[in-house]
Colleague: 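Shown below is the structure under consideration.
Lettering of chains follows the sequences in order, A, B, ..., and the numbering in each one begins at 1. Computed from a prediction, not measured in an experiment: that's the story for all the values here. Atoms considered below: every heavy atom in the structure, side chains included; atoms not considered: hydrogens, waters and symmetry mates.
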Protein chains: 2
Amino acid sequence: MSSEKAKNIFTDYLSKKGLRNTWQRLSILDTFLSSGGHITADELYNAVKRKHSDIGSATVHRNLKLMSECGVADEIKIGNKKTRYEQKYGHGHHDHLICTKCGKFIEVHNDKIERLQEKLAEANDFIPQRHKLEIYGLCKKCK
Amino acid sequence: MSSEKAKNIFTDYLSKKGLRNTWQRLSILDTFLSSGGHITADELYNAVKRKHSDIGSATVHRNLKLMSECGVADEIKIGNKKTRYEQKYGHGHHDHLICTKCGKFIEVHNDKIERLQEKLAEANDFIPQRHKLEIYGLCKKCK
DNA sequence: TTTAGTGCAAAGGCTTTGCAGATGT
DNA sequence: ACATCTGCAAAGCCTTTGCACTAAA
């Protein structure tokens, strides 16, 4: 899925809710989409600030919330560390292997697991929308 | 796995690290283990306070951290909501179905997925220790 | 023109820390 | 004895909110 799609989802969401297209909003979205994912609110704020020094951190938070609401961004929290936001479109869905020693992130994907998760949800009278799988352990280097 | 096991893991961890057995520590552990899981730091603080009115919230936080370190408790964060702590031993491993509308938690378990996760980790030169699977969607009532 | 959005700064909410006294070992 | 723990209160850190102003539509 391209980041074009994410942009459309976001702008559709805005117009559906009667919200407005401000340059701040679009700049935050663009910066987020080109960040490659796993960014914190503060990192995003600073990245946007580099281009537009007069952006406020509250605005970044407000829009990050909006982006989570419409599904363009996903909140992920790894262990005790800070909340990070990940792109949902633009580099495909994936799960995470997280090294408990060095903190390394490995992104993985497995269709079988995806399908089993859907089955599991349906078996419980549940309509799955999205999911999060994190496997903690030791990476190649640390084991 | 019984909560006896969790207790042993905790006390072993303490003695290994030269830490002490205080009544606060044991009371926090007991309360946590008998809570059934999915408790917030604040809820745990209040639960312990009912028995021992002179407990401090800092102590609960310090010990919750300790419990996470040794693997007796697991931090889980659901959506935008508060961080909750879950027992790792005492009521078996399970994954979560989380309703994005009403916030309902459903605990599920599927051996096939568990095994696939292990394979996935191993295929990436990764030694899995534990994992977290959350499926977000709509529950029976909300769909 | 109307109403949402923004920046700023203040307020919140939860977690962590510093400290002096208490307490395991 | 002596190093760890604890409770308290203060400090931190990030997020949210109130307000007056700005700017989409």
Colleague: Taking the side chain as everything from C-beta on, heavy atoms only, tell me whether B:Asp95 gets closer than 4.5 Å to B:Glu134.
Modeller: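 No, their side chains stay 4.5 Å or more apart.
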Colleague: Let me have a per-nucleotide readout for nucleotides 14-19 of chain C, 5' to 3', with B, S or -, counting only protein heavy atoms under 4.0 Å.
Modeller: SSBBB-
Colleague: Is there a side-chain contact between A:Ile135 and A:His96 (heavy atoms, below 4.5 Å)?
Modeller: no
Colleague: Using a strict cut-off of less than 4.0 Å between a Lys/Arg side-chain nitrogen and an Asp/Glu carboxylate oxygen, indicate whether A:Glu43 and A:Arg84 qualify as a salt bridge.
Modeller: yes
Colleague: Answer yes or no: is there a donor N or O on one side and an acceptor on the other, between the side chain of A:Ser27 and the main chain of A:Gln24, under 3.5 Å?
Modeller: no
Colleague: Please check if atom NZ in B:Lys51 has more than 12 non-hydrogen atoms from other residues, nucleotides or ligands closer than 6.0 Å.
Modeller: yes
Colleague: For D:dT6, does OP1 or OP2 lie under 4.0 Å from any side-chain N or O of B:Asn63?
Modeller: yes
Colleague: Base, backbone or nothing for each nucleotide of nucleotides 20-25 of chain C, written B, S, -, heavy atoms under 4.0 angstrom, 5' to 3'?
Modeller: ---BBS
Colleague: Please name all residues satisfying salt bridge (charged side-chain N to carboxylate O under 4.0 Å, His left out) with B:Asp30, sequence neighbours left out, ordered by chain then number.
Modeller: B:Lys7
Colleague: Return whichever of B:Asp54 or B:Gly18 has its heavy-atom-nearest nucleotide of DNA chain D closer to the 5' end.
Modeller: B:Gly18
Colleague: Compare all side-chain heavy atoms of A:Leu116 with those of A:Lys112 and state whether any distance is below 4.5 angstrom.
Modeller: no
Colleague: Any sub-3.5 Å donor-acceptor pair from B:Ser34's side-chain atoms to B:Thr31's backbone N or O?
Modeller: yes
